[in-house]
Amino acid sequence: QVQLIESGGGLVQAGGSLRLSCAASGRAFSSYAMGWFRQAPGTEREFVAAISWGGGSTYYADSVKGRFTISRDNAKNTVHLQMNSLKPEDTAVYYCAAHRSWEATMLRDEYGYWGQGTQVTVSS
């Protein structure tokens, strides 16, 4: 089992940056691939980024490619999402998720553990 707590959300102007963090507790964090998803009001939760257990493989949604960077620190049981050049359409609740596998995946249903989410609001 792993518990996830996100932080770092907030209000930012378009073009600005935020860095989200996800702190994991529980056993064997390095055994989990990690992902970030987001959900805007009235929409389904969508994939944003994912990283393999060792950080060697990363995946991004086309909408954030080149602007967002996912990283992890297995020694500190944390995963981060650096978000640059933010746009109003990035406004959503962002969720950290864990997938018990060495390989990262973009498939939402593969993730068995979720945080409570952190709100990101980008003003125009």
K.L.:
For the backbone of Thr121 and the side chain of Thr91, can you confirm whether one donor and one acceptor N or O come within less than 3.5 Å of each other?
P.N.:
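No; zero donor-acceptor contacts below 3.5 Å.
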
K.L.:
Please determine which of Tyr94, Trp36, Trp114 meets the side chain to side chain contact (heavy atoms under 4.5 Å, CB included) test together with Glu6.
P.N.:
Trp36

K.L.:
Using every non-hydrogen atom in the two residues, find where Ala40 and Ala92 come nearest and quote the distance to one decimal.
P.N.:
N-CB, 3.9 Å

K.L.:
Are any of the side-chain heavy atoms of Thr105 and Leu107 separated by less than 4.5 Å?
P.N.:
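Heavy-atom side-chain distance check passes, below 4.5 Å.
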
K.L.:
How about Arg45 and Arg38: do any of their side-chain heavy atoms sit closer than 4.5 Å?
P.N.:
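Side chain of Arg45 against side chain of Arg38, heavy atoms only: no contact under 4.5 Å found.
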
K.L.:
Would you check if Leu4 and Met34 make a side-chain contact, meaning some heavy-atom pair closer than 4.5 Å?
P.N.:
yes

K.L.:
How long is the straight-line distance from OG of Ser31 back to NE2 of His99, given to the nearest 0.5 Å?
P.N.:
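If I round to the nearest 0.5 Å, the distance is 12.0 Å.
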
K.L.:
Taking the side chain as everything from C-beta on, heavy atoms only, tell me whether Ser7 gets closer than 4.5 Å to Leu20.
P.N.:
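A side-chain contact under 4.5 Å is absent here.
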
K.L.:
Show the nearest heavy-atom pair for residues Tyr111 and Ala33, with the distance to one decimal.
P.N.:
CE2-O, 4.2 Å

K.L.:
Heavy atoms, side chains only, cut-off 4.5 Å: are Met83 and Val120 in contact?
P.N.:
yes

K.L.:
To the nearest 0.5 Å, what is the distance between CZ (Arg72) and OG1 (Thr58)?
P.N.:
12.0 Å

K.L.:
Checking Ser17 against Arg67 for the side chain to side chain contact (heavy atoms under 4.5 Å, CB included) test, could you report, in this order, the C-alpha distance in whole Å, the side-chain angles of both residues, the deciding distance, and whether it holds?
P.N.:
CA-CA 9 Å; Ser17 298; Arg67 300 187 297 123; over 6 Å; no

K.L.:
Quick check against the 3.5 Å criterion: does Thr118 have a side-chain atom that pairs as donor or acceptor with the backbone of Gly9?
P.N.:
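Yes; at least one donor-acceptor contact below 3.5 Å.
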
K.L.:
Please assess His80 against Ser71 for the test side chain to side chain donor-acceptor pair (under 3.5 Å), listing each intermediate value before the final yes or no.
P.N.:
CA-CA 5 Å; His80 303 285; Ser71 62; 5.4 Å; no

K.L.:
Which atoms form the tightest heavy-atom contact between Ala24 and Val2, and what is the distance?
P.N.:
CB-CG2, 3.8 Å

K.L.:
Using 0.5 Å steps for rounding, measure from the OG atom of Ser25 to the CD1 atom of Ile5.
P.N.:
6.0 Å

K.L.:
Less than 4.5 Å apart, side chain to side chain, heavy atoms only: is that true for Val79 and Cys22?
P.N.:
yes

K.L.:
State whether Asp90 and Lys87 are salt-bridged, where the test is any N-O pair (Lys NZ or Arg NE/NH1/NH2 against Asp/Glu carboxylate O) under 4.0 Å.
P.N.:
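Answer for the salt bridge query: no.
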
K.L.:
Is it the case that one hydrophobic cluster holds both Val93 and Phe47, taking links as side-chain heavy atoms less than 4.5 Å apart, direct or via other members?
P.N.:
yes

K.L.:
Enumerate the residue pairs fulfilling salt bridge (Lys or Arg N to Asp or Glu O under 4.0 Å) with a member in residues 97-108, sequence neighbours excluded, ordered by first and then second residue.
P.N.:
Glu44-Arg108

K.L.:
Quick one: sort the Tyr32 and Tyr113 rings into parallel, tilted or perpendicular, breaks at 30° and 60°.
P.N.:
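Plane angle over 60°, so perpendicular.
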
K.L.:
When clusters are formed by joining ILVMFWY residues with side-chain heavy atoms under 4.5 Å apart, either directly or through shared neighbours, do Val64 and Ile51 land in the same one?
P.N.:
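Same cluster: Val64 reaches Ile51 through Ile, Leu, Val, Met, Phe, Trp or Tyr contacts under 4.5 Å.
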
K.L.:
Does Tyr95 have its ring centroid less than 6.0 Å away from the ring centroid of Phe37?
P.N.:
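Between Tyr95 and Phe37, the centre distance exceeds or equals 6.0 Å.
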
K.L.:
Do the side chain of Tyr60 and the main chain of Ile70 share a donor and acceptor less than 3.5 angstrom apart?
P.N.:
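Here the side-chain-to-backbone pair exists.
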
K.L.:
Just how far is it from atom OG1 of Thr69 to atom CG of Asn84, taken to the nearest 0.5 Å?
P.N.:
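Reported to 0.5 Å precision, the distance equals 6.5 Å.
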
K.L.:
Under 4.5 Å between any side-chain heavy atoms of Asn74 and Phe29, yes or no?
P.N.:
yes

